[in-house]
Amino acid sequence: MPIEFSFTPDQEAFRQAARAFLEREVAPVVGEMDEREEFPKESIARLRAEGYFGIPIPEKYGGLGLGKVGYCIFLEELGRIDASHGTIVGAHTSLGTTPLLYYGTEEQKRRWLVPAARGERLLAYSLTEPGSGSDSGSVHTRATPKGDRWVLEGTKIYVSNGREADTVVVMAANDPAKGPNGGVTAFLVDTDSAGFRVGRCEKKMGLHGTSTAELILDRVEVGPEAVLGGVGKGFLVAMTALDVGRVSLGAASLGGMAAAAGQALEFAQNRSQFGHPLSDYEAIQFKLADMAMKIQALRYLVYHAAQHQDDLGTDPGAWPRGARAEKTREASIVKCLASEWSGEVIDAALQIHGGLGYIRGTPIERAYRDQRITEIFEGTNEIQRLVIARDLLSRGL
Ligand SMILES: Cc1cc2nc3c(=O)[nH]c(=O)nc-3n(C[C@H](O)[C@H](O)[C@H](O)COP(=O)(O)OP(=O)(O)OC[C@H]3O[C@@H](n4cnc5c(N)ncnc54)[C@H](O)[C@@H]3O)c2cc1C
């Protein structure tokens with residue numbers, strides 16, 4: 001890894017183009033989307049048409065071929081504007097396309113990855129169940145063989161994009177006694193399959209533009225072509241997607257906290273009390289300085305991790321010994337710090353806004369509600385600390 005990191009002119013141009021596009025196409029719809037608690041169908045359709053649902057996917061599979069660095073640039077920009085749109089893109093790209101890109105056969109890539117990367121089909125990822133959250137290896141949804149086919153039966157919960165997806169990556173137990181070590185398989189399930197049903201969609205504190213759906217698999221039958229990464233390899237497939245997701249969550253958090261800090265800075269310079277702008281007071285200056293420190297530190301962490309994932313490539317079989325563990329630790333560190341720092345920055349930014357920060361419909365109020373879930377989903381921060389500590393205990397610092 002080089003010690004210095006800088007963006008190429010092409011990456012800078014991509015950031016500028018994305019920023020202009022998002023300001024024009026997404027920013028205007030966010031307030032109403034949040035208030036109505038509706039999936040932002042039209043702005044998402046525009047993002048899909050622009051290729052933004054396949055940023056890290058190679059061009060030969062229908063994507064933009066910009067790697068994880070390009071993908072994080074986009075999510076940082078999107079995070080500045082809206083966390084719901086970021087979650088929709090992330091659930092599709094990090095969690096939906098990564099399993100296909102890293103573990104799919106050529107035939108699976110042609111059938112599922114290409115249309116997903118082109119934005120023609122929406123993906124979701126379904127690991128969580130009522131009895132299996134942090135303990136994600138204890139999947140109860142059953143996969144029972146029927147000749148060379150499989151029958152899936154069970155209930156999944158909290159699936160982002162679950163209501164709108166065309167295909168869901170579903171983790172199911174082919175051998176519950178084996179648990180995560182050989183007992184879980186990833187399946188590609190088209191949502192128009194017989195027996196597949198969307199159940200309850202949750203109402204939430206934030207992320208009002210996203211669906212968080214229960215999925216019911218009532219004896220859904222799939223063929224052998226739906227098995228992704230091999231029978232019994234599903235937990236590995238699921239965790240590989242989360243490694244990508246946790247770094248991209250860091251990028252989206254970076255954008256969210258940078259936007260909040262920018263709003264706080266502007267407000268502090270324009271709002272006067274006791275005859276001076278708020279920014280004249282050290283108590284406010286220190287809050288702004290703390291924000292800047294966290295933003296700068298996180299920017300290095302996110303892009304270092306993204307570059308590392310690009311350098312490793314997408315063929316897990318070719319990774320050197322120890323590379324997976326290192327990548328996983330790095331992703332957990334990014335996820336944990338990004339979510340907690342964004343919480344601290346957005347909270348301080350809200351405080352600087354005074355009463356206005358608490359008023360429904362201001363960007364800072366929405367950011368405050370949207371941020372909280374980042375400490376919980378894609379593995380809670382307690383679980384990230386367990387992952388980091390386990391790796392420390394086995395490989396050292
Ligand atoms: C808006 C939203 C979107 C989501 N999107 C998806 C999705 O697209 N796909 C998907 O599969 N899932 C999704 N999830 C699920 C999410 O990943 C889980 O909610 C999360 O992993 C936590 O699981 P849980 O809710 O069952 O909490 P639990 O596992 O029950 O944990 C409860 C508390 O106990 C703590 N805890 C648990 N075990 C330990 C331990 N060993 N040591 C210390 N503390 C522990 C946890 O950290 C947490 O604080 C989503 C959830 C939400 C709310």
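As the structure lists them, so they are numbered: ligands from 1, and atoms in each ligand from 1. Just so you know, these numbers use all the heavy atoms, side chains as well, and skip hydrogens, waters and symmetry mates.
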Ion pair check, E35 and R360, cut-off under 4.0 Å = yes
message = Checking a contact table here: which protein heavy atom is nearest atom 9 (N) of ligand 1, and how many Å away?
response = Y125 O, 2.9 Å
ask   = What protein heavy atom sits nearest atom 24 (P) of ligand 1, and how far off is it?
value = G133 CA, 4.0 Å
query = Is E164 salt-bridged to K41, going by a charged N under 4.0 Å from an acidic O?
reply = no
query = Can you tell which part of N161 has a heavy atom less than 4.0 Å from ligand 1: side chain, backbone, both or neither?
reply = neither
query = Is any side-chain N of the basic residue among K68 and D243 closer than 4.0 Å to the acidic one's carboxylate O?
reply = no
key: Atom indices of ligand 1, in the order listed, that fall short of 4.0 Å to a heavy atom of E378   = 17 (O)
query = Looking at atom 35 (C) of ligand 1, would you say a protein heavy atom lies below 4.0 Å from it?
reply = no
ask   = Closest non-hydrogen protein atom to atom 38 (N) of ligand 1, residue and atom name please, with distance?
value = S134 CB, 3.9 Å
query = Nearest to atom 6 (C) of ligand 1, what protein heavy atom do you find, and at what distance?
reply = Y158 O, 2.7 Å
query = Does the pair R19/E23 count as a salt bridge with the N-to-O cut at 4.0 Å?
reply = no
request  = Kindly check if the number of other-residue, nucleotide or ligand heavy atoms within 6.0 Å of CZ (R197) is above 12?
outcome  = no
Closest approach of any protein heavy atom to atom 43 (C) of ligand 1, naming residue and atom = E382 CB, 4.1 Å
task = Classify the angle between the aromatic ring planes of F74 and Y52 as parallel (below 30°), tilted (30 to 60°) or perpendicular (above 60°).
result = parallel
task = Return yes or no for this condition: an N or O of T380 is under 3.5 Å from an N or O of ligand 1.
result = yes
query = What protein heavy atom sits nearest atom 39 (C) of ligand 1, and how far off is it?
reply = I383 CD1, 4.1 Å
ask   = Based purely on interatomic distance, does D135 place a nitrogen or oxygen under 3.5 Å from a nitrogen or oxygen of ligand 1?
value = no
message = Between E330 and H304, is there a side-chain donor-acceptor contact under 3.5 Å, judged purely by atom types and distance?
response = yes
Polar contact flag, side-chain donor to acceptor under 3.5 angstrom, S43-H85 = yes
ask   = Is the shortest side-chain N to carboxylate O distance from K146 to E221 below 4.0 Å?
value = yes
query = Is the shortest N/O to N/O distance between T212 and ligand 1 below 3.5 Å?
reply = no
key: Any N or O of K204 closer than 3.5 Å to N or O of ligand 1   = no
query = Closer than 4.0 angstrom: is that true for some heavy atom of L386 and an atom of ligand 1?
reply = yes
ask   = Which protein heavy atom lies closest to atom 53 (C) of ligand 1, and at what distance to 0.1 Å?
value = I373 CD1, 3.3 Å
task = Might you confirm whether atom CZ of R36 has over 12 heavy atoms from other residues, nucleotides or ligands at distances under 6.0 Å?
result = no
inquiry  = For the 3.5 Å polar cut-off, considering only N or O atoms, please tell me whether S132 and ligand 1 meet it.
reply    = no
